[in-house]
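Letters go in sequence order (proteins before strands), and every chain restarts at 1.
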Amino acid sequence: MLDIKFIRENPAIVKNALKNRNAEADVDGLLELDRLRRAAITESEGLKTERNTASKTIGGLMKEGKKDEAEAAKEEVRLIGDRIAALDDQVRELDEKISHIILYIPNLPAETVPVGASEEDNPVLRSFGEKKEFDFEVKPHWDITEELKLVDFERGAKITGSGFPVYTGQGARLQRALISYMLDLHTTEHGYTEVEPPFVCNASAMTGTGQLPKFSEDMYYIDTDELYPIPTAEVPLTNLYGDEIIDADEPVKLAAYTPCFRREAGAAGRDNRGLLRLHQFDKVEMVNFVKPEQSAAQHEILVGEAEKVLQLLGLHYRVIELCTADLGFSAAKCYDIELWAPGVERWLEVSSVSNFGDYQARRARIRCRDENGKAQLLHTLNGSGVALPRLVVAIIENYQNADGTVTIPEVLRPYMGGLEKMG
RNA sequence: GGAGAGAUGGCAGAGCGGUUUAAUGCGUCGGUCUUGAAAACCGAAGAGGUGCAAGCCUCCGGGGGUUCGAAUCCCUCUCUCUCCGCCA
């Protein structure tokens with residue numbers, strides 16, 4: 001969330017940022033509640049000072065045996081106590097109202113983020129490789145996965161529902177190979193610590209990273225135990241250090257493989273053929289905790305680490321920057337990496353690399369020490385490194401052969417038992 | 001799931017209704033001494049809120065209650081440990 005002090009001092013900046021994001025929030029109402037809250041606190045604290053002094057006096061009178069005087073004083077202090085209780089109730093109510101507004105206000109876009117009206121305005125920053133030429137008719141991945149029995153969509157729908165594919169045979173092996181390949185790359189080449197977190201989180205963690213309260217409809221929920229299956233490893237990894245002051249003199253870098261669960265409410269029928277949009281998918285995620293002054297530079301490093309995964313696989317991709325209108329709720333700045341898939345003839349988003357500034361750190365209370373040893377909010381970043389299904393789509397479609405087989409990229413072969421082709 | 005015991009500052013560990021502004025030890029940082037270091041001695045040091053500031057308020061796992069006053073008493077939740085049960 002945003003710093004209430006910042007909002008108080010820069011309401012115009014906040015309102016303009018909301019406008020650029022096509023978002024709305026009652027900033028003036030928030031500031032009025034903030035004013036009332038501080039007035040109530042000031043009054044309550046003054047009374048508490050009185051009460052503390054009076055209580056000490058009563059203690060003294062009791063010791064000296066002046067019972068009558070003590071009783072008279074007690075009566076007086078009781079009245080002060082009643083007023084304090086009323087004021088503190090007021091503060092609590094105001095806190096709730098303030099939270100209700102401020103938790104729904106998205107992060108401010110960084111100054112470098114291009115202002116835009118829709119995803120049409122996302123600039124392409126760079127690309128790697130080029131579109132492969134084929135001397136035969138390329139097939140979309142759903143034909144290939146069926147012919148080679150790599151994915152069984154029908155049976156997944158039978159046992160769970162649509163959007164829950166079953167990977168089989170070499171298809172299942174490929175999932176495992178990709179996970180191992182990516183985690184090995186990040187841990188050995190990029191300095192990451194591998195983590196295997198829980199795949200469900202509580203409401204507090206979900207609020208810390210910004211999924212709650214606004215996006216509860218996008219998540220699955222286990223009512224009996226009040227737990228949410230994670231939509232991304234960002235949630236458990238980032239919240240790992242919630243309520244802590246950690247040493248971030250060097251960036252703390254965590255990488256994890258987890259399945260991800262998304263209801264994709266409102267997305268029915270969109271982009272959902274084959275492996276393009278699923279309710280459950282696998283992903284390797286990278287999360288960084290850095291000192292504030294390092295986050296902009298670390299963001300560039302992080303996107304490079306995600307790109308490395310694709311470069312070694314020999315896949316054609318491009319990096320775009322999200323404009324203000326397309327930026328995620330908690331992000332201050334975000335790059336998307338898109339892979340070219342010749343079968344479906346589309347660019348597929350496989351990684352979203354975001355700098356959250358101190359937005360998540362403030363919600364989750366994650367801090368580090370500044371140069372003077374004082375506690376300060378740190379910055380969080382994360383990036384997919386990368387999401388599997390669309391990566392699988394790109395691999396299968398780009399490496400398909402005229403005879404119906406799929407060549408396995410060389411870096412994956414050690415993870416596939418030396419296999420060179422699927423099919 | 002059942003029974004019991006716990007949760008206090010970076011760590012260990014006192015305190016169990018009013019000089020606790022949370023003792024003491026270890027660790028950390030600064031200083032004295034020293035060629036340098038160690039030892040010894042002296043000193044400093046938490047987080048959040050509020051206020052222009054001085055300062056004040058809050059925080060002893062979370063929440064609620066009793067009281068003039070709660071780390072301390074009561075209720076409740078969470079977590080940890082021990083034993084039992086069940087079980088990949």
Side-chain angles (χ1 to χ4, degrees), chain A residues 1-10 30-99 102-103 196-208 212 222-228 236 239-249 252 289 291-292 358-378:
Chain A
M1 69 191 151
L2 301 183
D3 183 359
I4 184 71
K5 279 183 200 147
F6 181 88
I7 301 175
R8 199 184 294 149
E9 286 158 20
N10 307 281
L30 174 68
L31 291 177
E32 175 60 12
L33 292 170
D34 173 55
R35 199 185 59 72
L36 292 171
R37 171 180 176 274
R38 286 183 294 142
I41 286 175
T42 302
E43 193 181 348
S44 167
E45 288 188 353
L47 292 171
K48 281 175 184 169
T49 307
E50 270 185 55
R51 182 177 67 183
N52 289 346
T53 311
S55 288
K56 260 184 196 151
T57 309
I58 291 170
L61 291 172
M62 299 287 278
K63 256 187 193 161
E64 293 169 32
K66 297 177 178 170
K67 238 184 159 196
D68 292 349
E69 283 182 48
E71 287 305 322
K74 276 190 195 180
E75 188 56 38
E76 212 174 294
V77 179
R78 190 176 299 130
L79 296 177
I80 296 176
D82 290 345
R83 288 173 60 198
I84 291 171
L87 285 165
D88 285 351
D89 281 347
Q90 235 177 68
V91 172
R92 205 171 303 126
E93 276 174 39
L94 287 163
D95 277 341
E96 267 175 44
K97 286 182 184 167
I98 287 168
S99 291
I102 206 168
L103 286 175
E196 183 176 314
F199 300 158
V200 290
C201 280
N202 58 32
S204 168
M206 289 294 171
T207 305
L212 289 180
I222 302 166
D223 189 57
T224 319
D225 300 293
E226 299 182 1
L227 293 170
Y228 298 80
N239 284 285
L240 221 46
Y241 297 124
D243 275 314
E244 291 189 40
I245 299 173
I246 64 169
D247 179 358
D249 287 349
V252 175
F289 302 85
K291 298 186 123 184
D358 63 12
Y359 188 88
Q360 293 181 326
R362 184 172 294 107
R363 288 171 83 112
R365 296 164 307 280
I366 310 168
R367 291 167 296 170
C368 62
R369 300 279 175 191
D370 67 13
E371 59 278 9
N372 299 316
K374 282 307 234 184
Q376 65 170 350
L377 293 170
L378 48 68

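- Phosphate proximity of B:G49 to A:R38: absent, as no side-chain N or O sits under 4.0 Å from OP1 or OP2.
- Nucleotides B:G25 and B:U80 have their C1' atoms positioned 24 Å apart, rounded to a whole Å.
- In secondary-structure terms, RNA chain B builds stems of at least 3 consecutive Watson-Crick or G-U pairs, each pair having both distances under 3.5 Å, at B:1-7 with B:78-84, B:10-12 with B:24-26, B:28-32 with B:40-44, B:46-50 with B:55-59, B:61-65 with B:73-77.
- Side-chain atoms of A:T42 come within 3.5 Å of backbone atoms of A:R38 as a donor-acceptor pair (strictly under, hydrogens ignored).
- Remark: A:R362 is not in phosphate contact with B:G48, judged by side-chain N or O atoms under 4.0 Å from OP1 or OP2.
- Salt bridge annotation for A:D358-A:R362: present, with a cationic side-chain nitrogen under 4.0 angstrom from a carboxylate oxygen.
- The two residues A:F289 and A:A248 come nearest to each other via the heavy atoms O-CB, 4.2 Å.
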Please test A:R369 against A:D247 for side-chain contact (heavy atoms from CB on, under 4.5 Å), starting from the C-alpha separation and ending with a verdict.
CA-CA 7 Å; A:R369 300 279 175 191; A:D247 179 358; over 6 Å; no

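- In this structure, the nucleotide among B:G51, B:G49, B:A47 sitting nearest to the side chain of A:R37 is B:G49.
- Against RNA chain B, the stretch residues 240-248 of chain A makes no heavy-atom approach under 4.0 Å.
- In this view, A:D95 and A:R37 satisfy the salt bridge (charged side-chain N to carboxylate O under 4.0 Å, His left out) rule, not counting sequence neighbours.
- Side-chain nitrogen and oxygen atoms of A:R367 include at least one within less than 4.0 Å of the OP1 or OP2 phosphate oxygen of B:G48.
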Base, backbone or nothing for each nucleotide of nucleotides 75-81 of chain B, written B, S, -, heavy atoms under 4.0 angstrom, 5' to 3'?
-------

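- Counting heavy atoms from C-beta on, the side chains of A:K48 and A:D88 come closer than 4.5 Å.
- Proximity of A:L31 to A:R35: side-chain heavy atoms (C-beta onward) are nowhere separated by under 4.5 Å.
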Protein-to-nucleotide contact annotation, 5' to 3' order, nucleotides 57-72 of chain B [B base; S sugar-phosphate only; - none; under 4.0 Å, heavy atom]:
BS-----S---BS---

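- Judged as a salt bridge (charged side-chain N to carboxylate O under 4.0 Å, His left out), and not counting sequence neighbours, the contacts of A:D249 are A:K291.
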